[in-house]
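Have a look at the structure below before the remarks.
The analysis underlying the following values was restricted to heavy atoms, covering all of them including side chains, and did not include hydrogens, waters or symmetry mates. Note that this is a predicted model, so its numbers are computed, not measured.
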Amino acid sequence: MIVWLNGTHGAGKTTTSALVQQLLPGARVFDAEKVGEVLMDIKPGLPATDNFQHWEPWRPLVIETARRVLEYTGGTLVMPMTVLIESYWREISDGLTEYGIPIRHFVLHADQETLRNRIQNDQVLGPSTFRFAYLEPYAEAARSWLHDEAEVIDTTHITPEQAARQIANSVLGL
């Protein structure tokens, strides 16, 4: 099974994914951003883009990597990854489904003010114009399709531990 944690920067995906992994027996965290980093390391570089998700190989490589890891290890992959373009989400989710891999899709949501504060005050990454740039596309995706496609966990007023517990309880049917 895949537990996909979607949402924009500052929603708590990375922190929550590590906590969810601890709550689900046999779970591992797979950050699909690492697939993008591999593609960014190709020399000479791939065509210029503002987001590696736009590169055609990224989505099938995410599907194939997740499939191969699950085939090898079994269990659950917890995947923290923002996907805001509906056709990209469909390509990934349909590809995984074709392999018979169940997906539980969660969106970690917070209001815009909370997201801005989290990004501005991030002690690890610091403020980031890249991360700020995704706030409006996230809001548009949330309004138009994303929140209809997932279980939404509002992280505005809860801790990452509470969010992780909600996700784990939902996955475990508790």
Side-chain angles (χ1 to χ4, degrees), residues 1-109 115 118-119 122-135 137-138 141 146 149-150 153 155 160 163-164 167-168 171:
M1 167 188 293
I2 289 176
V3 175
W4 195 289
L5 303 186
N6 206 337
T8 195
H9 305 282
K13 295 180 306 299
T14 301
T15 303
T16 303
S17 66
L19 296 166
V20 169
Q21 181 268 324
Q22 295 171 17
L23 296 171
L24 296 177
R28 290 175 168 75
V29 174
F30 166 40
D31 186 347
E33 189 166 320
K34 301 300 183 192
V35 174
E37 290 174 7
V38 167
L39 294 173
M40 287 188 293
D41 283 344
I42 293 173
K43 303 295 182 227
L46 299 177
T49 183
D50 64 342
N51 187 323
F52 58 72
Q53 290 185 20
H54 300 317
W55 286 327
E56 183 60 35
W58 181 77
R59 298 174 302 281
L61 285 170
V62 167
I63 295 164
E64 192 62 23
T65 304
R67 177 182 81 87
R68 295 287 182 156
V69 169
L70 284 173
E71 187 177 83
Y72 182 63
T73 65
T76 299
L77 286 182
V78 180
M79 296 181 64
M81 186 72 219
T82 301
V83 178
L84 301 180
I85 297 174
E86 185 176 8
S87 63
Y88 293 0
W89 173 250
R90 296 260 178 258
E91 183 178 346
I92 292 167
S93 61
D94 290 351
L96 293 167
T97 300
E98 285 175 19
Y99 283 119
I101 301 169
I103 306 165
R104 292 295 303 272
H105 186 197
F106 295 88
V107 171
L108 301 186
H109 173 80
L115 292 169
R118 289 178 184 171
I119 293 168
D122 190 309
Q123 298 300 310
V124 176
L125 299 175
S128 162
T129 55
F130 175 84
R131 295 172 81 206
F132 281 123
Y134 282 86
L135 294 180
Y138 165 73
L146 183 58
E149 294 291 321
I153 308 290
T155 67
I167 293 164
V171 169

Inset, instruction - Taking H9 for its side chain and Y134 for its backbone only, find out whether a donor-acceptor pair lies under 3.5 Å. - result: no
Inset, instruction - Check the pair F130, I119 against side chain to side chain contact (heavy atoms under 4.5 Å, CB included), reporting the backbone distance first and the verdict last. - result: CA-CA 10 Å; F130 175 84; I119 293 168; over 6 Å; no
Inset, instruction - Would you kindly say whether Y138 and H109 are connected by a side-chain donor-acceptor distance under 3.5 Å? - result: yes
Inset, instruction - Applying side-chain contact (heavy atoms from CB on, under 4.5 Å), name anything that partners E33, two or more places apart in sequence or on another chain. - result: D31, E37, F52, M81
Inset, instruction - List the atom of S17, the atom of V29, and the distance in Å for their closest heavy-atom pair. - result: O-CG2, 3.7 Å
Legend entry - Closest non-hydrogen atom pair, V107 against A150: CG2-CB, 3.5 Å
Legend entry - Any side-chain heavy-atom pair of I167 and L19 under 4.5 Å: no
Legend entry - Passing option when M1 is tested against I101, V78, V171 for side chain to side chain contact (heavy atoms under 4.5 Å, CB included): V171
Inset, instruction - Applying side chain to side chain contact (heavy atoms under 4.5 Å, CB included), run through L5 and I153 and close with a yes or a no. - result: CA-CA 10 Å; L5 303 186; I153 308 290; over 6 Å; no
Legend entry - Donor-acceptor pair, side chain of R59 and main chain of Q53, under 3.5 angstrom: yes
Inset, instruction - Could you pull out the closest heavy-atom pair between T15 and P160, with the gap in Å? - result: CG2-CB, 3.6 Å
Legend entry - Results of side-chain contact (heavy atoms from CB on, under 4.5 Å) for V69 - residues two or more places apart only: T65, T73, L77
Legend entry - Close side-chain approach of H105 and L146, heavy atoms under 4.5 Å: yes
Legend entry - Which atom of T155 lies closest to which atom of A11, heavy atoms considered: OG1-O, 3.1 Å
Inset, instruction - For side chain to side chain contact (heavy atoms under 4.5 Å, CB included), just list the numbers for R90 and E149, CA-CA rounded to whole Å, side-chain angles, deciding distance to a tenth of an Å, and then say yes or no. - result: CA-CA 10 Å; R90 296 260 178 258; E149 294 291 321; 2.8 Å; yes
Legend entry - Nearest-0.5 Å distance, CG of residue L84 to CH2 of residue W89: 11.5 Å
Inset, instruction - Could you check T82, T8, N6 and say which one makes a side-chain hydrogen bond (donor to acceptor under 3.5 Å, both in side chains) with K13? - result: T82
Legend entry - Pairwise distance CE(M40) to OG1(T49) - rounded to 0.5 angstrom: 11.0 Å
Inset, instruction - For the residue pair I92 and M79, establish whether any side-chain heavy-atom pair is separated by less than 4.5 Å. - result: no
Legend entry - Straight-line distance of L108 CG to L115 CG, nearest 0.5 Å: 10.5 Å
Inset, instruction - Salt-bridge test for R67 and E98: reply yes if a basic N is under 4.0 Å from a carboxylate O, no otherwise. - result: no
Inset, instruction - Mind running side chain to side chain contact (heavy atoms under 4.5 Å, CB included) on E64 and Y99 for me, showing each step along the way? - result: CA-CA 9 Å; E64 192 62 23; Y99 283 119; 3.2 Å; yes
Inset, instruction - State the CG-CH2 distance between L96 and W4, to the nearest 0.5 angstrom. - result: 7.0 Å
Inset, instruction - Taking all heavy atoms of V62 and all of A32, pick out the closest pair and write down the distance. - result: CG2-CB, 3.8 Å
Inset, instruction - Report the residues that fulfil side-chain contact (heavy atoms from CB on, under 4.5 Å) with P57, sequence neighbours left out, ordered by chain and then residue number. - result: L39, W55, L61
Inset, instruction - State, yes or no, whether a side-chain contact exists between P80 and T16 at a heavy-atom distance under 4.5 Å. - result: no
